[in-house]
Amino acid sequence: MDNSVKKLIENNLRQALFQIKKKGFSYHRLPPIIITQPKKKEWGDLSTNLPFSLSKISGESSLEIGRALVTHLKGSDLFSRVEFAPPGFINFFFSPSYLKETIRKIVTERKNFTRFSEGKNKLVQVEFISANPTGPLHIGHGRAAAFGDSLANVLSKVGYQVQKEYYVNDMGGQIKRLAYSLWARMQELEGKRVSFPKDGYRGDYLIPIAKKAQEELGEKIRKIKDESKIIPILTKFVVKEILKNIREDLDKFGVKFNNWFFESTLYQNNELKKTISFLKEKDFLYEKEGALWFKTSLILKGKQDRVLRRKNGDYTYFASDIAYHKDKLKRGFYRVIDIWGADHIGYVPRMKAAAEVLGYPPEALKMVIYQLVTLKKGEKRVSASTREGEFITLKEVLKEVGRDAARFFFVLRTADSHLDFDLELAKKQTPENPVFYIQYAHARICSILEKAKKMGILLEEPEKVNLDLLTTPEERDIMSYLALLPDCLKEAADSLEPHHLAVYLQELSSLFHYFYTRHRVISENKELTNARLILIQAVKIVIADVLNILGISAPSKM
RNA sequence: GCGCCUGUGGUUCAGUGGAUAGAACGUCGGCCUCCGGAGCCGAAAAUCGCAGGUUCGAGUCCUGCCAGGCGCACCA
């Protein structure tokens, strides 16, 4: 728990800062202490530019600050060396004893090695995908699913109690069009020539649902003459069916939600109307031209007001979304994270403004925007669109490239990057996909452990093994990198960027494969064998743990 | 027109204001008596879109421009 090595170094630095202040160095405030992994091995395992940043504040020379800090940093058993690298860096070299402690911890604490306690008792919500139940999930939703699920896992590692929620828009014009589209399909099945509703959903996926609707509802519907009374029945049916498909896809993708929140409940339990009254009391509403308006302009300068209730009496999506966020706030989340596609970017300021009126503390509501996925078919780029019925479904992607590869592919990039999903490449990607590289490292380790077992070599308790024997540069590099994992996870959580973990895995796997080709784990030297078995176990545990966070399997055989 | 995102080797992407900008794929050349060759090593390949600015120091921050993506509803 709480195995941040950067935190340890930071504490050491703070003590040293306190010491040099007593010796006459003057600074009125501390700069943020930034500790990074340097580019070159000669510059240590970790490094800080504190002399630079402190010099900027105090006006004293970075050379003097650096030298003074280093003399006061000596004496920690964390490092074997601390070097001042003029003109302004301090480089830290982990001590062998710290590295030993690291792999012992990993082997004994296992998954708890990456666990933090800081979020304890704090509720966080991650709301993601929330695709309208008007069609199957497509490749873009896959990105949201992989990102949101991984982020939720990362946050729960840091100690938060995370709730994953899917908001279902089962109201409004889109759903109405969907029901009419289904009705048209059903009539087609009966051989009637009907004109398809304009702006209807033309995708083939409605055809099997239409068949099922006929089987289950046909008789009931035939008795109803008034079409307007048929539609509500069909609406309920089609939403249920499509949600069932969505759940199946997500199940295959390894994504499970704690809660499915239906927009319609906000109507049923009157919360929507209560929200409207609330906003009215706050004097944020007015009527104009028969519609009810929200005074967005009071908060967002230069922006126009937005309609909450239309002339025809229907509430807008914005209205129920305000009610939805009011409900979330009431549920006591320390933080609410909404993961939205870039096509909702213009909606962010509006929702934030509404949140302010609802009384959200500014940092409590965070929208993460991920850029949309475009499909690359040869030289052509095709964007996904549910309405036109021309899209690659998540189901197809899963069929083509598999869950592990798909999830890794989606989560390897930052949310900001515009993802070109080259399906042709993804299809033939199997051998060269980076996820296999990582899983292969895991499988290789399992295989070695299995071999050791067959040879009758028992895995010793880490305390009983002489880890001082792990002295080669390759072994040291692995241990050093393992020590950085908790910080990597912490940073992924703080920045809401799970891709750091995917990058970490690639590097760790590379270090392991490199080690593997140079050294034998199982050898005549019994003591060394035991030590290396501990090392590779640590690597194995870490790979499996991080893959698990990313929702990817860690097979022992491939 | 306005707002947000992106522009880094041939391609896809990493990169927390710091030290000589990294990796993968592709290309070329090597490495299997021996724990899994789905691996490893080496080489070629980058004016970090362009132009200014801030700074001791800019791929990273600011301004302008160029190119691409997404928005700019009484749709969701």
Side-chain angles (χ1 to χ4, degrees), chain A residues 32 34-40 42-43 47-49 52-53 55-56 62 85-89 91 130-132 134 169 171-175 177 199 263 288-293 302-304 306-312 314-318 320-321 341-349 369-372 374 376 381 383 387 409 412-420 422 425 429-434 436-437 439-441 443-452 454-455 491 495 499-500 502-503 506-507 509-510 512-523 529 532 536 557-558:
Chain A
I34 296 164
I35 299 161
T36 58
Q37 212 191 341
K39 286 175 189 154
K40 298 188 81 168
E42 301 93 276
W43 298 333
S47 170
T48 183
N49 64 351
F52 273 135
S53 42
S55 146
K56 202 171 248 176
S62 62
F89 299 99
N91 297 333
S130 297
N132 295 343
T134 53
N169 296 115
M171 299 289 290
Q174 305 280 3
I175 295 294
R177 271 191 283 280
D199 296 330
E263 185 185 2
K288 193 181 86 184
E289 293 163 7
L292 186 66
W293 295 72
K303 302 279 168 151
Q304 42 181 303
R306 300 289 167 175
V307 168
L308 294 187
R309 195 178 59 221
R310 288 175 219 139
K311 235 184 305 197
N312 69 6
D314 288 348
Y315 288 99
T316 60
Y317 172 85
F318 187 37
S320 42
D321 217 2
D343 52 341
H344 289 70
I345 186 72
Y347 194 71
V348 173
I369 300 295
Y370 65 92
Q371 294 302 315
L372 299 181
T374 47
K376 215 164 127 189
R381 289 211 165 86
S383 63
R387 194 79 61 83
F409 200 96
L412 180 60
R413 292 149 164 75
T414 65
D416 279 338
S417 75
H418 300 261
L419 180 55
D420 271 347
D422 190 332
L425 185 79
Q429 206 177 13
T430 310
E432 63 260 28
N433 192 305
F436 289 90
Y437 181 80
Q439 289 178 320
Y440 183 58
R444 240 182 180 174
I445 294 171
C446 292
S447 167
I448 298 169
L449 293 173
E450 187 62 24
K451 175 164 176 133
K454 274 184 191 154
M455 290 170 71
E491 281 152 21
S495 60
H499 78 277
H500 292 299
V503 174
Q506 286 186 305
E507 178 64 20
S509 304
S510 169
F512 169 73
H513 286 308
Y514 187 77
F515 158 79
Y516 173 88
T517 53
R518 271 160 198 75
H519 306 286
R520 290 188 61 81
V521 174
I522 300 169
S523 67
T529 300
R532 286 187 170 158
I536 66 167
K557 281 182 183 144
M558 292 174 72

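Each chain gets a letter, A, B and so on, in the order its sequence line appears, and its residues count up from 1. These numbers come from the heavy atoms of this one structure, side chains and all, not from hydrogens, waters or symmetry mates.
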Which residues satisfy the salt bridge (Lys or Arg N to Asp or Glu O under 4.0 Å) test with A:Arg309, sequence neighbours excluded?
-> A:Glu287
With sugar-phosphate meaning primed atoms plus P, OP1 and OP2, does [X] contact a base, only sugar-phosphate, or nothing at under 4.0 Å between heavy atoms?
X	result
A:Glu491	base
A:Arg520	base
A:Phe318	nothing

Looking only at N and O atoms, is any donor in the side chain of [X] or the base of [N] less than 3.5 Å from an acceptor on the other one?
X	N	value
A:Lys40	B:U20	yes
A:Ser47	B:A19	yes
A:His344	B:G71	no
A:His513	B:C40	no

Rounded to whole angstrom, note down the P distance from B:A58 over to B:U20.
-> 12 Å
Determine the interatomic distance between P on B:U27 and the same-named atom on B:G10; round to the nearest Å.
->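 Each nucleotide's P atom is 16 Å from the other's.
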What residues, two or more places apart in sequence or in another chain, satisfy ring pair (Phe, Tyr, Trp, His ring centres under 6.0 Å) together with A:His519?
->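 Here the qualifying residues are A:Phe515.
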So if I take every side-chain heavy atom of [X] and compare against [options], which nucleotide ends up nearest?
X	options	value
A:Thr414	B:U6, B:G39, B:A14	B:A14
A:Asn91	B:A19, B:C74, B:G15	B:A19
A:Lys56	B:C70, B:A19, B:C56	B:C56
A:Tyr437	B:C70, B:C40, B:A38	B:C40
A:Glu289	B:C74, B:A38, B:A76	B:C74

Inspect the surroundings of NZ in A:Lys557 and state if more than 12 heavy atoms from other residues, nucleotides or ligands are less than 6.0 Å away.
-> no
Is the NZ or CZ atom of A:Arg444 both under 6.0 Å from the centre of the six-membered ring of A:Tyr516 and within 45° of that ring's axis?
->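 Satisfied, under 6.0 Å and within 45°.
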Runs of at least three Watson-Crick or G-U pairs with RNA chain B, cut-off 3.5 Å = B:1-7 with B:66-72, B:10-13 with B:22-25, B:27-31 with B:39-43, B:49-53 with B:61-65
